[in-house]
Amino acid sequence: MFQLRARSVALAGVIALIGVATGEASVVAATADQSVTFTVGTYQDIDSLNVTVGLLVVDYEIWNITLPTLTNKAASDFSIEPGLADQWEVSPDGLTVTYRLRDNMKWSDGQPLTADDVAYTINRSRDEEWTNHASVTANLDATVTDARTVVVTSSVPDPKLPILDVYIVPKHIHEAISAEDLPNYDATDNVAGGPFKIVERKEGEFVRLERNPNWYGAKPDMDQVVFRFFADQESEFTALKAGDIDAVDSVPETLYSTLTPGGEIAPIGGNQGSFRELAMNAGCESGIGDGHVALKDIEVRQAINWAIDRQLLLEKTVSGFGSVGLGIGTSASPAWDLEVPEAEQYKFDPDKARTMLDEAGWVDADGDGVREKDGTDLRFRYFDRSVGDAAETTPFITKWLADIGIATDVRTFDEDSLIAQIGKGEYDMFTWGWTPYVDPDPMLSYFTTAEVTTDPDSPLANDANWCNAEYDELYLAQKQELDPVKRRELVQKMLRIFYDEAAYVVLFKYDDLMAIRSDRWSGFEEARQPAKSGPGLFNNTSPAYVMLKYKGGSSGGGGGAVWLGIGAAAILGLTGVSLFIRRRRGTGDDDRE
């Protein structure tokens with residue numbers, strides 16, 4: 001996907017939910033010795049523990065606390081902090097960084113963690129173009145001076161350096177796995193270098209981690225972390241209220257609005273650039289598929305942008321928890337957001353939209369309510385997802401399109417099927433969302449011509465099938481611009497081009513609404529990333545698992561009887577429901593929501 005779109009993982013029907021009771025027994029047994037367990041409810045099962053192929057938000061959350069990085073990002077403002085390296089020196093030309101690692105580090109299996117692991121990860125991920133590494137390591141070469149020193153050289157100026165926060169993998173494990181076999185590696189041996197290590201997984205039920213005794217950093221208050229998978233947001237929140245878990249990654253807006261920082265259950269939500277969009281098949285010449293001819297016309301796409309009431313969608317879909325959409329979000333930091341003068345922004349103006357379509361030659365000559373041109377109706381295939389907020393947004397959007405003379409044939413897909421349709425180019429428009437990383441480069445890269453899909457068996461990230469030569473040139477320029485002010489100017493130009501050419505209708509930026517048992521845990525405000533405005537969990541580097549302080553009381557994990565009741569309730573109302581997938585902003589690339 002990266003950012004490819006995150007893939008949905010369906011619940012295996014009633015059987016999987018019944019199995020949850022068995023999974024709970026395993027977790028409870030593991031906590032019988034009174035160890036402190038921090039249990040997080042999420043309705044996204046993991047995609048893969050293999051860091052070279054996984055794509056989902058929960059995957060990154062687990063990697064963030066099990067796999068080390070050479071440098072880290074501060075919880076408050078994403079500034080560089082020590083990781084495996086506690087010292088670094090940048091050459092005058094900015095192309096070479098010499099990192100000095102901490103002494104006497106070990107992987108969780110007791111093997112030494114050295115500069116060899118770092119160099120191996122950088123060089124192999126570059127050569128094999130690992131999904132979650134390549135955007136950072138593509139132009140890098142790493143050499144080892146000694147066990148504690150690695151020299152990283154970039155072939156081009158790289159504004160991300162000296163931050164180098166791709167996940168480092170254990171060489172002694174990965175060197176035995178060929179490039180051909182690596183995508184099938186399940187990583188269940190979980191040799192960890194972070195504060196925790198994976199010790200148990202039951203697919204569709206939970207993943208249990210224990211504290212890594214060989215980790216170099218501060219000792220977390222929690223002995224175990226359990227990620228428990230639920231059918232929906234309501235079940236998560238019910239378990240949180242019952243005290244069966246300690247935190248949840250997604251709270252319904254109506255429930256979130258009832259939470260107060262001083263209560264037993266406290267809100268820890270925030271914004272990190274996540275947004276929803278209505279994407280259109282803009283018909284890049286190098287792309288594939290059968291997109292509607294009208295959407296190749298920039299005036300038609302602009303007219304659609306004028307036809308959408310973004311403010312109403314924000315209020316009706318997420319109860320106002322976010323902001324009206326402008327340009328695409330490219331970073332978890334708002335410093336990169338597109339700035340457009342008020343008078344030049346798309347507003348809700350259906351009359352203007354109708355006028356633009358008239359001028360483009362699309363008129364309703366036969367009075368049937370649908371515009372046509374040269375014998376072709378202005379009728380689009382409109383795809384949405386079977387999960388998320390599509391059920392709320394689709395009726396609004398299709399009505400607004402109908403009001404300006406555009407007909408839609410709506411089809412609902414699970415996320416895997418929608419990915420396939422987009423990959424084949426057999427769509428006209430669809431709704432989905434993105435969550436960016438901190439550096440804007442990955443998100444910007446998704447809309448370059450190089451990311452337009454040309455082979456349906458290998459779908460790329462440019463899901464708008466849009467291309468622009470000036471955008472491509474600016475992308476290469478910003479990628480190598482070391483002056484932060486000049487780089488931001490280049491990024492602004494790119495975002496404005498994409499905004500004006502209107503291949504997306506950015507509907508709204510939305511907040512990630514989470515909650516925690518504040519009667520058991522403190523310190524979650526300090527774990528927000530970025531400070532004050534960001535969420536406390538499922539953020540860029542997941543610092544909460546080390547920063548939170550245990551206040552006492554019964555830690556999450558709960559009793560089997562409580563969990564069985566929740567599972568039974570889910571069974572009664574679940575048939576055919578799949579887990580909603582949020583996409584992750586992670587260490588290397590952006591991810592689909």
Side-chain angles (χ1 to χ4, degrees), residues 51 62-76 78-92 94-126 133 136-137 140-154 158 160-176 187 189-199 209-223 225 527 540-548 587-588:
V51 73
I62 292 173
W63 296 330
N64 279 348
I65 58 177
T66 58
L67 292 175
T69 55
L70 195 55
T71 65
N72 291 332
K73 292 191 181 86
S76 60
F78 305 115
S79 60
I80 189 170
E81 285 189 337
L84 295 178
D86 57 6
Q87 301 176 51
W88 49 87
E89 182 178 349
V90 183
S91 64
L95 296 177
T96 300
V97 185
T98 301
Y99 297 92
R100 183 69 172 168
L101 275 61
R102 303 170 190 267
D103 197 12
N104 295 322
M105 292 186 296
K106 294 180 180 180
W107 294 99
S108 59
D109 62 356
Q111 292 294 311
L113 199 172
T114 71
D116 283 332
D117 296 293
V118 176
Y120 173 83
T121 300
I122 292 171
N123 295 334
R124 182 172 179 181
S125 67
R126 175 202 64 214
H133 291 68
V136 175
T137 62
L140 302 182
D141 183 72
T143 58
V144 174
T145 301
D146 57 50
R148 291 183 58 197
T149 308
V150 61
V151 179
V152 177
T153 301
S154 178
D158 187 343
K160 296 186 292 296
L161 293 175
I163 291 178
L164 216 170
D165 57 354
V166 293
Y167 301 112
I168 303 303
V169 301
K171 178 182 177 181
H172 66 283
I173 297 296
H174 281 70
E175 65 183 352
D189 49 39
N190 182 52
V191 177
F196 295 91
K197 60 180 181 178
I198 300 168
V199 293
L209 297 81
E210 291 181 354
R211 198 165 54 214
N212 174 12
N214 293 333
W215 188 54
Y216 61 81
K219 180 180 178 180
D221 270 17
M222 51 194 78
D223 299 294
V225 178
N540 190 263
T541 61
S542 310
Y545 303 89
V546 175
M547 296 179 69
L548 291 179
T587 301

Heavy-atom pair of closest approach, residues Val225 and Met222: CG2-SD, 3.5 Å

Which label fits Tyr99 and Trp88: parallel for a plane angle under 30°, tilted from 30 to 60°, or perpendicular past 60°? tilted

Is it true that Asp189 and Lys197 have a side-chain N and a carboxylate O under 4.0 angstrom from each other? no

Gap between atom NZ of Lys171 and atom CG of Asn123 - 0.5 Å precision: 10.0 Å

Output the distance between atom OG1 (Thr153) and atom CG (Leu140), rounded to the nearest 0.5 Å. 8.5 Å

Any chance you could measure Asn190, atom CG, to Glu210, atom CD, to the nearest 0.5 Å? 10.5 Å

Decide side-chain contact (heavy atoms from CB on, under 4.5 Å) for Val546 and Trp215; before the verdict, give the C-alpha distance in whole Å, the side-chain angles of both, and the deciding distance to 0.1 Å. CA-CA 11 Å; Val546 175; Trp215 188 54; 4.0 Å; yes

Tell me, yes or no, whether the heavy-atom count around Glu175 atom CD, taken from other residues, nucleotides or ligands under 6.0 Å, exceeds 12. yes

Exactly one of Asn64, Thr69, Thr121 should register a side chain to side chain donor-acceptor pair (under 3.5 Å) with Tyr167. Which one does? Asn64

Please walk me through it: do Val150 and Leu101 pass side-chain contact (heavy atoms from CB on, under 4.5 Å)? CA-CA 8 Å; Val150 61; Leu101 275 61; 4.1 Å; yes

Take Ile122 and Leu164 through the side-chain contact (heavy atoms from CB on, under 4.5 Å) test and state the conclusion after the steps. CA-CA 10 Å; Ile122 292 171; Leu164 216 170; 4.0 Å; yes

In Å and rounded to the nearest 0.5 Å, what is the CZ to CG distance from Arg102 to Leu84? 8.0 Å

Applying the side chain to side chain contact (heavy atoms under 4.5 Å, CB included) test to Trp107, which of Asn212, Val169, Asn214, Asp117 qualifies? Asp117

Checking side-chain contact (heavy atoms from CB on, under 4.5 Å) for the pair Leu70/Val118: CA distance, chi angles, key distance, verdict? CA-CA 7 Å; Leu70 195 55; Val118 176; 4.0 Å; yes

From Thr114 atom OG1 to Asn104 atom CG, the distance as rounded to the nearest 0.5 Å: 11.5 Å

Show the nearest heavy-atom pair for residues Leu67 and Val191, with the distance to one decimal. CD2-O, 4.4 Å

Under the salt bridge (charged side-chain N to carboxylate O under 4.0 Å, His left out) test, residues paired with Asp221 that sit two or more places apart: none

Any side-chain to backbone donor/acceptor pair from Arg211 onto Pro220? Under 3.5 Å, distance only. yes

Atom pair OG/CD of Ser76 and Glu81 - distance to nearest 0.5 Å: 7.0 Å

Are any side-chain N or O atoms of Thr137 and backbone N or O atoms of His133, one a donor and one an acceptor, separated by less than 3.5 Å? yes

Lys106, NZ atom: more than 12 neighbouring heavy atoms under 6.0 Å: no

Taking all non-hydrogen atoms of both residues, which atom of Met105 and which atom of Tyr216 are closest, and how far apart? SD-CD2, 3.7 Å

Output all residues satisfying salt bridge (charged side-chain N to carboxylate O under 4.0 Å, His left out) with Arg148, sequence neighbours left out; order by chain, then residue number. none

